[in-house]
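We use all heavy atoms of the structure for the numbers below, so side chains are in, but hydrogens, waters and symmetry mates are not. By convention in this document, chain letters (A, B, ...) are assigned in the order of the sequence lines, proteins followed by strands, and residues within each chain are numbered from 1.
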Protein chains: 2
Amino acid sequence: MTDVMIHGDRSLPIYVQLENLVRDKIDSGDWAPGIMLPSERQLCDTYGIARMTVRQAISNLVAEGLLTRTQGRGTFVARPRLRQPLSKLTSFTEDMRDRGLLGSTRLLMQEQMAASPEIAAVLAIAVGAPVLQIQRLRSANGHPMALETSTLRGDITAPLRHEDLEHQSLYRLLEERCGVRMLRASQELEAGIAGEAEARLLEVAPGAPVLRIQRRSLVLWQGQEVLCEYVRSTYRSDRYRFYVELER
Amino acid sequence: MTDVMIHGDRSLPIYVQLENLVRDKIDSGDWAPGIMLPSERQLCDTYGIARMTVRQAISNLVAEGLLTRTQGRGTFVARPRLRQPLSKLTSFTEDMRDRGLLGSTRLLMQEQMAASPEIAAVLAIAVGAPVLQIQRLRSANGHPMALETSTLRGDITAPLRHEDLEHQSLYRLLEERCGVRMLRASQELEAGIAGEAEARLLEVAPGAPVLRIQRRSLVLWQGQEVLCEYVRSTYRSDRYRFYVELER
DNA sequence: GACACGAATAGGTATAGACCAGTAGCTGCA
DNA sequence: TGCAGCTACTGGTCTATACCTATTCGTGTC
């Protein structure tokens, strides 16, 4: 990914642009865990922005747990936590990063369509209402990990109609382009057997065990809590375990 | 509490002093939930400090959840919200009840043994230390649902040595007899294929998909947080789905 | 070789001022 | 009366600068 020009897009605050830039460097593996970032003053010079602005971006990323910093030493890319303290709603890429893996995506299908009765029921919209359906093959370190079919409300995702969804985080686009804030999701997990087509894409034998996950995501959109996304994923069970922490 | 003079104590950063001051006002009930704080510029004047310094203090308190703010409206004392745990640590019987089913149990094995190296590693105890191992077939409405092998620390569960574990809740006995309080557990879920023995007990065909769950339970015992239990369960995937709620 | 010291450099705190962007209430016109 | 638009707030973003403190490492002394 080429460097996003800071100041290039006046619609986003500079500190947000810098955050995204750093996130991209980390997601792409360009900045590996443990690596020291350029110093704050260096970043100011590089991008021609004030130090307080740099600090705002860095502070947010530190709060997110993506970076750590020590006075006198520097700012570093955090080593992925082995265990997430709580059950967090994450994107595939974030999930892989937490596991110390590099996530990548192949877009298999991206289509604007009319909601089927089933989809309409799940998303609580009218039958025939526009939805955006995306099918993606998710890989970790280059090896197939999961097959994912997402269906999103068409009205909310209208700005993404002609967006490249292969190389960008869908959740990031939703938040940045659609004015959506991800809130929470409910997931159901069950075991299954890989079908013919799935098996071929996931590069496993037909009949191999897979973990099927259904997710319904609730977002804040135009001040309202609405169901926005329904995802059906099929994970290779030899490569993926779902981890969750429960409290009494 | 009397107002702490900002600048009075040079040993603490001004923004920290302001944070404490606001916290005190809220704790003392002086500023009730829902009340609007003085505007940032007003706080600058009142305490003779810069707006960026005020903002740093306020931002930290917002991140803490103590305050909320809206552009154009102001900064407000947050209404304390009771957070219900997203995922609850439950016993099998409780889980079934939540699903509207009647859980029952058949005890297959109950044995005091010495910890194998694997078990010792998981429970963080010495190899050869005493453990209590229980294998139970769990049913819902009379139909087999899961096969469960629990391994518990022998020293903690000593009072249960000759207890009837077929008709009593293990978690209840742990709390009532062993002076243990269940705290939380981490679980890992994966898909698998039923083996011969499993299939026979679960009354499914060998090779049927199953959901395998590993649980490590943390308890409070004699004032210490300790790992007490390690459970491996195999659930029929045609009857059981795991449900979890995630937050962003 | 061991250690004290200081320079260079990292992030941490704080200032003062500027302008942008939402919100709400007031004013005055239709 | 109803409402469009103005205005005086609010927090949001950003700059430029200054000095503090912690870390690191090289230098020089003993």
Evaluate side chain to side chain donor-acceptor pair (under 3.5 Å) for B:Tyr171 paired with B:Glu229, printing each intermediate quantity in order. CA-CA 10 Å; B:Tyr171 281 13; B:Glu229 181 199 41; 2.9 Å; yes
Go through the steps for A:Phe242 and A:Gln187 under the test side-chain contact (heavy atoms from CB on, under 4.5 Å), then give the verdict. CA-CA 11 Å; A:Phe242 183 79; A:Gln187 286 199 173; 3.6 Å; yes
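Residue A:Arg55 places none of its side-chain N or O atoms closer than 4.0 Å to OP1 or OP2 of D:dC14. Not one side-chain nitrogen or oxygen of B:Gln56 sits closer than 4.0 Å to the OP1 or OP2 atom of C:dA14.
In this structure, B:Phe76 places its CZ atom 10 Å from C1' of D:dG11, rounding to the nearest Å. Atom P of nucleotide D:dT10 and atom CE of B:Met36 are separated by 6 Å, given to the nearest angstrom. For B:Met52 and C:dA16, the CE to P distance is 13 Å, given to the nearest whole Å. Computed from coordinates, the A:Ile58 CD1 to C:dT13 P distance equals 15 Å when rounded to whole Å. Atom pair B:Leu43:CG and C:dA16:P shows a separation of 15 Å (rounding to whole Å applied). Protein atom CG of B:Leu67 is 16 Å distant from nucleotide atom P of D:dT10, rounded to whole Å. Per the geometry, CD1 belonging to A:Ile49 stands 11 Å off C1' belonging to D:dT15, to the nearest Å. Here the C1' atom of nucleotide C:dT13 and the CD atom of A:Glu40 are 12 Å apart, to the nearest Å.
For the side-chain contact (heavy atoms from CB on, under 4.5 Å) criterion with B:Val219, the lone passing option out of B:Leu152, B:Val180, B:Leu174 is B:Val180.
Residues A:Arg41 and A:Asp45 are not paired through a salt bridge, judged by the lack of any N-O separation under 4.0 Å between the basic side chain and the carboxylate. Under 4.0 Å is where a charged nitrogen must lie from a carboxylate oxygen, and between A:Asp24 and A:Arg172 at least one such pair does. We find that A:Glu190 and B:Arg241 are joined by a salt bridge, their nearest charged nitrogen and carboxylate oxygen being less than 4.0 Å apart. The pair B:Arg184-B:Glu225 meets the salt-bridge criterion, with a side-chain N (NZ, NE, NH1 or NH2) lying under 4.0 Å from an Asp/Glu carboxylate O.
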When you check every protein heavy atom under 4.0 Å of nucleotides 20-27 of chain D, what one-letter string (B, S, -) results, 5' to 3'? -BBBS---
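Nearest to the side-chain atoms of A:Ile14 among the listed nucleotides D:dT15, C:dA10, D:dG11 stands D:dT15. With distances taken from any side-chain atom of B:Ser39 to the nucleotides D:dT13, D:dG11, D:dT17, the minimum falls on D:dG11. You'll find that the side chain of B:Arg69 is closest to D:dG11, out of C:dA16, D:dG11, D:dC14. For B:Ala50, the side-chain atoms get nearest to C:dT15 when compared with the rest of C:dT13, C:dT15, D:dT13.
The nearest heavy atom of DNA chain D to A:Arg51 and to A:Tyr15 marks one nucleotide each, and the one closer to the 5' end goes with A:Tyr15. Mapping A:Leu37 and B:Thr53 onto DNA chain C via the closest heavy atom, the residue that lands nearer the 5' end is A:Leu37.
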